[in-house]
Q: 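Structure provided below as structure tokens; questions to follow.
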Amino acid sequence: MRASKLFFPTQKENPAEAEAASHKLMIRAGLVRQLAAGLYIYLPLGLRVINKVNKIIREEMSAIGAQELSMPVLQPAEIWQESGRYSEIGEEMFRLRDRGGRDMVLGMTHEEIVTWLAAREIRSYRDLPQVWYQIQTKLRDEARPKSGVLRTREFIMKDSYSFDADEEALEKSYQLHIQAYKRIFGRAGVRFYMVESDPGMMGGATAHEFMAPSSAGEDEVALCPACGYAANMELARSQPAQPQFPAAGMKEIETPNARTIEQVSAFLNVTPDLLIKSLLLITDAGPVLAMVRGDQELMESKLARLIGGYRLAEPAEIKEITGAGTGFTGPLKLAIRKVADKGLEEGVYIVGANRNGFHVGGVVPGQDFQAEFADIRRVRQGEKCPHCNASLKLERCIEIGNIFKLGVKYSQPLGASYLDERGKEKPVIMGSYGIGPARVAAAAIEQLADEMGIVWPPAIAPFAAHLVLVQPADSRQAAMAQKLYSELMSSGIEVLLDDRAVSPGVKFAEAELLGCPVRVTVGKRAIAGGAVEVQLRRGGEEYKFEAGVAAREIIGLLKTLEGEAECESASEESS
RNA sequence: CGGGGCGUGGCGCAGCUUGGUAGCGCGCUUGCUUUGGGAGCAAGAGGCCGGCGGUUCAAAUCCGCCCGCCCCGACCA
């Protein structure tokens with residue numbers, strides 16, 4: 001491709017609305033343009049990158065026997081009513097009506113549709129297993145689109161769906177996907193972790209996420225550097241250090257005006273980990289008291305899995321339910337549902353007395369009050385791994401892929417069943433597996449970019465080589481560049497030839513901004529010395545190759561680069 | 001949905017407090033020069049100041065409503 005013909009509107013300055021590095025650079029390098037909140041146009045360079053990612057995905061999906069198909073984005077609401085998600089999912093789903101007045105939706109995912117298909121076409125155990133996948137547009141009316149291409153309302157997604165006869169076979173499909181995903185992200189050149197995750201609205205028991213470490217990410221994961229334990233914070237576990245507890249034996253303590261954990265601990269001159277933080281919450285089923293240790297925080301998603309949706313009680317409600325003002329809430333003599341963090345099962349604590357100006361010391365949970373004990377606290381950096389006692393590390397990540405064991409969540413309501421060897425009808429056991437190609441590209445930018453611009457992993461770069469023709473008007477330079485260009489192209493190397501009549505500074509700066517793995521310079525030095533200069537975008541290493549062998553050398557260099565750039569799973573790297 | 005910020009040529013911004021001629025840098029066009037790190041000189045083009053309404057002799061500027069975009073939080077297959 002000649003730069004003089006390529007549409008790649010670059011910008012020197014960062015766009016005002018961009019925050020994330022990938023967002024700024026994708027706009028500056030002319031990869032994307034924003035149409036509206038969460039809606040992006042992919043320009044030629046951006047599309048090339050997405051297509052590279054998709055090509056890797058197709059190869060690896062095909063390698064595990066998955067078959068590509070395509071499904072409608074516009075879908076009848078009926079199917080979503082049958083699965084139950086029409087009412088479960090709120091405003092996040094785009095809903096509309098066709099001219100005949102039928103309720104329709106725009107697909108945010110395709111479990112329902114693919115299961116509808118399976119219900120009609122899979123009849124026998126002989127038809128199983130199947131893995132079908134699609135790389136298609138999905139739509140979600142996101143509450144808050146953000147960070148450029150990382151969270152959008154319309155996006156391309158690879159989704160695959162496995163259909164198996166039983167749990168054992170599902171496990172096999174699941175493992176195959178894990179392998180494929182590791183190969184895909186590895187080849188794409190992004191660092192990633194595979195972590196345990198919350199199945200959420202997808203349903204099912206087991207789920208994992210593939211997480212690319214980046215400060216631009218929205219998720220946080222807990223990682224054990226020793227045994228490899230890795231989990232999304234939504235369900236990560238830990239063993240916190242236990243403090244020295246005082247003797248048991250309840251006694252009321254006067255704590256005038258000491259309401260917060262800090263105030264009470266300062267007033268009584270004890271560390272916050274000897275207190276219990278009691279939060280009064282309101283659910284549809286009435287008030288719930290949630291308790292965590294004074295120095296810890298409630299992990300709201302963990303609690304929500306246990307008690308459903310909730311909100312904090314208003315001061316008036318606290319007064320009404322506990323009989324005291326805010327800051328003196330505690331579990332004693334309170335006849336409502338109580339959930340205490342598992343870490344509180346042992347120890348002796350100070351709790352609110354449900355009486356203004358008082359706390360109660362020497363309280364033994366499980367003895368002085370009853371509660372459901374469950375893991376509802378937020379894991380903190382440095383706490384001990386639940387498996388091996390090493391210190392956990394917390395890291396922000398971009399979710400680039402996820403895999404779920406769905407079981408019969410969709411096959412049952414939508415009637416996807418088969419006849420087994422004995423002629424008995426059984427539900428198909430399903431799994432679902434997603435990858436966001438745009439997130440993979442953005443994660444690569446986040447992880448590798450420098451002050452000058454993007455640094456693409458070779459496998460997903462829009463071009464393998466960026467050939468800078470310094471002075472197109474000089475016929476000797478033009479001829480040398482043209483020859484090299486043709487040689488590389490005929491060997492299947494994708495080259496961007498910068499033949500524009502702009503100053504050299506612009507060409508070099510833009511080559512760095514675009515981030516292709518190697519830059520080849522043909523200028524007056526190449527004419528004088530007979531050798532072209534080659535510089536690696538990543539690391540900046542420079543080479544000189546004689547004009548006659550330059551093409552061959554560059555091809556060899558690219559091959560080496562691609563091999564080197566393959567990322568192992570980041571978690572395996574550390575173990 | 002709650003909280004905050006922003007909206008002025010294509011991009012980045014100033015002007016708004018204290019109402020009166022719309023400005024800067026980059027980019028763009030033309031010409032000449034230049035050509036290994038975002039070139040120089042000269043001449044130009046380009047803006048219903050997000051929208052509607054109000055106050056005023058007069059509104060980018062003051063007031064009200066609305067819209068859009070970004071950030072934090074809630075939400076998130």
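In what follows, chains carry the letters A, B, and so on, assigned in the order in which the sequence lines appear, proteins first and then strands, with residues in each chain numbered from 1. These values consider heavy atoms only, across backbone and side chains, with no hydrogens, waters or symmetry-generated copies.
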Q: For Glu91(A) and for His23(A), find the nucleotide of RNA chain B with the closest heavy atom, then tell me which residue's nucleotide is more 5'.
A: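 Its nucleotide being nearer the 5' end, the pick is Glu91(A).
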
Q: Show me the pairs that pass side-chain hydrogen bond (donor to acceptor under 3.5 Å, both in side chains) and involve residues 445-454 of chain A, at least two apart or across chains.
A: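 Applying side-chain hydrogen bond (donor to acceptor under 3.5 Å, both in side chains) to every pair that reaches into residues 445-454 of chain A, excluding sequence neighbours, yields Ser22(A)-Glu446(A), Asp450(A)-Arg537(A).
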
Q: Need one value for Asn14(A): base, sugar-phosphate or nothing, where a base atom within 4.0 Å counts as base even if backbone is also close, heavy atoms only.
A: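 The answer is sugar-phosphate, as Asn14(A) gets under 4.0 Å only of primed atoms, P, OP1 or OP2.
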
Q: Please give the distance between the P atoms of A45(B) and G23(B) as a whole number of Å.
A: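 Per the computed distance, 13 Å lies between those P atoms.
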
Q: Write down the distance separating the C1' atoms in U21(B) and G36(B), rounded off to the nearest Å.
A: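 So the two C1' atoms sit 46 Å from each other.
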
Q: Could I get the full list of side chain to side chain contact (heavy atoms under 4.5 Å, CB included) partners for Leu281(A), not counting sequence neighbours?
A: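 Side chain to side chain contact (heavy atoms under 4.5 Å, CB included) list for Leu281(A), sorted by chain: Leu279(A), Ala290(A), Leu303(A), Ile307(A), Tyr310(A), Leu312(A).
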
Q: Would you say Ser173(A) and Asp164(A) are linked by a side-chain donor-acceptor pair, where the criterion is simply a distance under 3.5 Å?
A: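 Judged by distance alone, the side chains do pair up.
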
Q: Does the protein touch nucleotides 24-40 of chain B at the base, only the backbone, or not at all? Give it as B, S and - per nucleotide, heavy atoms under 4.0 Å.
A: -BS--------SBBBS-

Q: Just call it for Tyr310(A): base, sugar-phosphate, or nothing, with non-hydrogen atoms closer than 4.0 Å on any strand.
A: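 It contacts nothing in the nucleic acid.
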
Q: Only counting residues at least two apart or in another chain, list the ones meeting side chain to side chain contact (heavy atoms under 4.5 Å, CB included) with Lys302(A).
A: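 Once residues adjacent in sequence are excluded, the partners of Lys302(A) under the side chain to side chain contact (heavy atoms under 4.5 Å, CB included) criterion are Met299(A), Arg305(A), Asp375(A), Val379(A).
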
Q: Using a cut-off of strictly less than 4.0 Å, decide whether Arg144(A) has a side-chain nitrogen or oxygen near OP1 or OP2 of A74(B).
A: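 No.
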
Q: Nearest-nucleotide wise, let me know which of Ala304(A) and Gly148(A) is further upstream toward the 5' end of RNA chain B.
A: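 The residue closer to the strand's 5' end, by nearest nucleotide, is Gly148(A).
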
Q: List for me each residue that meets side chain to side chain donor-acceptor pair (under 3.5 Å) alongside Ser147(A), sequence neighbours excluded, and say none if there are none.
A: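 Ser147(A) satisfies side chain to side chain donor-acceptor pair (under 3.5 Å) with no residue once adjacent residues are dropped.
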
Q: Run the side chain to side chain donor-acceptor pair (under 3.5 Å) test against Glu542(A) and tell me which residues pass, sequence neighbours left out.
A: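 Glu542(A): no side chain to side chain donor-acceptor pair (under 3.5 Å) contacts found.
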
